[in-house]
Amino acid sequence: MTNRIAIAGASGLVGANILKSALERGYVVRGAMRQPQKAAAVLENLPGAAERLTLFSANMDEAGAFDEAVEDVDGVFIACLIPVYRAPDGTPATELDDQRGFREIINPTVNGCLNIMRSAIRAGVRDIVICSSTSSTNPIPAVAVKNEVDHWSDADAQCAAKKYTSATKTVMEKAAMELAAAHGVRLRILLPTLMLGPMVLPAHGEEGFMGAIRRMLRGEKGRHDTAPNDSTSMAHVEDVAALFLAAYESPTAEGRYYAVKQSWHWNDIYRALGEIEPGMKLPQLFEGEQTTPTGFDFTRRDSLGVAMRGLPEILGDAVNWVKANM
Ligand SMILES: NC(=O)c1ccc[n+]([C@@H]2O[C@H](COP(=O)([O-])OP(=O)(O)OC[C@H]3O[C@@H](n4cnc5c(N)ncnc54)[C@H](OP(=O)(O)O)[C@@H]3O)[C@@H](O)[C@H]2O)c1
């Protein structure tokens with residue numbers, strides 16, 4: 001196998017980690033995003049970047065914008081399909097009707113993904129790996145143990161509930177699979193949720209739950225006053241990058257793969273954080289009967305051969321990275 005890849009969204013949390021791991025493995029990488037200048041100083045200083053990384057500016061909203069970035073590569077990773085929570089005029093997605101929900105929330109991401117795929121297909125690429133999300137794998141009614149083959153979210157039900165943002169991933173994956181099938185593309189779709197650990201770009205350590213860990217370490221409120229009676233799935237961000245590259249490198253991998261270690265109740269997450277860093281300002285634990293965390297069938301994920309780190313390692317690496325970058 002040759003080793004020239006393009007990464008759309010190379011400055012993102014996911015994209016930058018794939019980029020770093022790919023450079024470590026000796027890949028030649030073409031990284032694309034709208035504003036490469038914002039991340040260039042960090043990305044171009046990663047080991048191997050001087051010899052093997054080229055950055056490109058490209059906006060997936062424009063057909064053909066990725067033509068140059070995907071020239072002469074063997075595989076394309078798409079990690080720029082970020083959730084859109086508001087219409088361009090600022091209206092929350094949850095307040096739109098179906099017409100606007102599709103036009104302003106769902107279609108831009110679906111069309112952006114297809115624009116990148118079409119650039120890749122025109123360039124002769126037949127290996128594409130997309131970053132989606134576990135939010136596309138929530139069937140109604142819920143199942144005790146879900147898998148990537150049988151279990152899909154119902155986009156119509158999501159739209160009826162005005163969850164246009166969540167529906168986007170479901171609609172996008174199906175459209176990408178259809179385009180891939182029509183052109184003989186071997187498509188892999190990776191499905192992460194929360195990703196924690198060392199960040200390639202410092203800005204990502206300010207966002208999401210990494211930002212909450214930072215605030216709790218400072219003695220401030222993180223995300224919750226009280227742990228919700230709910231669970232979240234998560235993974236070490238470097239394990240997620242390893243899954244992407246394993247899916248790409250596998251001669252047979254195709255279709256959807258979970259990119260999570262497992263799901264934990266928030267009480268267990270906060271208990272583990274308290275053991276790692278007793279001085280943190282943690283929320284009250286939920287008292288009462290705890291809901292059961294989401295169950296996953298990891299047969300397909302495990303077929304990729306990546307050893308996934310557990311909760312103490314995921315949270316420990318996240319805390320240590322934040323402490324070193326306070
Ligand atoms: N972060 C999470 O916790 C999480 C959880 C589950 C799933 N995911 C999924 O993982 C994927 C990547 O998310 P992320 O968190 O890594 O995103 P991110 O950190 O916000 O990065 C997004 C990347 O895409 C680029 N980008 C955004 N809009 C673009 C456009 N129109 N054209 C070209 N490039 C564009 C951004 O650079 P520019 O702004 O310069 O264009 C950046 O490189 C998404 O599909 C997301 O749903 C993420």
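In each ligand, atom 1 is the first atom listed, and ligand 1 is the first ligand listed. Heads up: numbering here begins at 1 and tracks the sequence.
Taking the six-membered ring for Trp and the full ring otherwise, the centers of Phe209 and Trp266 sit less than 6.0 Å from each other.
Close approach of ligand 1 to Val14 (heavy-atom distance below 4.0 Å) involves ligand atoms 10 (O), 12 (C), 16 (O). The Ala58 neighbourhood of ligand 1 comprises atoms 32 (N), 33 (C), with distances under 4.0 Å to a heavy atom of that residue. Residue Pro83 approaches ligand 1 through these ligand atoms, each under 4.0 Å from one of its heavy atoms: 47 (O). Contact atoms of ligand 1 toward Thr193: 3 (O), 4 (C), 5 (C), 6 (C) (distance under 4.0 Å to a heavy atom of the residue). Of all atoms in ligand 1, listed by their number and element, those nearer than 4.0 Å to a heavy atom of Ile82 are 13 (O), 17 (O), 18 (P), 20 (O), 22 (C), 27 (C). Listed by number with element, the atoms of ligand 1 under 4.0 Å from a non-hydrogen atom of His204 are 19 (O).
Annotation: cation-pi pair Arg25/Tyr27 absent, no NZ/CZ under 6.0 Å from the ring centroid and within 45° of its normal. Under a cutoff of 6.0 Å and an axis angle of 45°, Lys146 and Trp152 do not form a cation-pi pair.
When Ala259, Ser132, Ala32 are ranked by how near their heavy atoms come to atom 7 (C) of ligand 1, first place goes to Ser132. Here the shortest heavy-atom distance to atom 43 (O) of ligand 1, taken over Ser136, Ala8, Ser11, Pro36, belongs to Ser11. Nearest to atom 34 (N) of ligand 1 by heavy-atom distance, out of Ala39, Cys80, Cys131, Gly12, is Cys80.
In the model, Arg256 has no side-chain atom that pairs as donor or acceptor with a side-chain atom of Thr137 under 3.5 Å.
The aromatic rings of Phe296 and Tyr258 sit perpendicular to each other, their planes meeting at more than 60°, with 30° as the lower class boundary.
Applying the 6.0 Å contact sphere to CD of Glu62 captures more than 12 heavy atoms from other residues, nucleotides or ligands.
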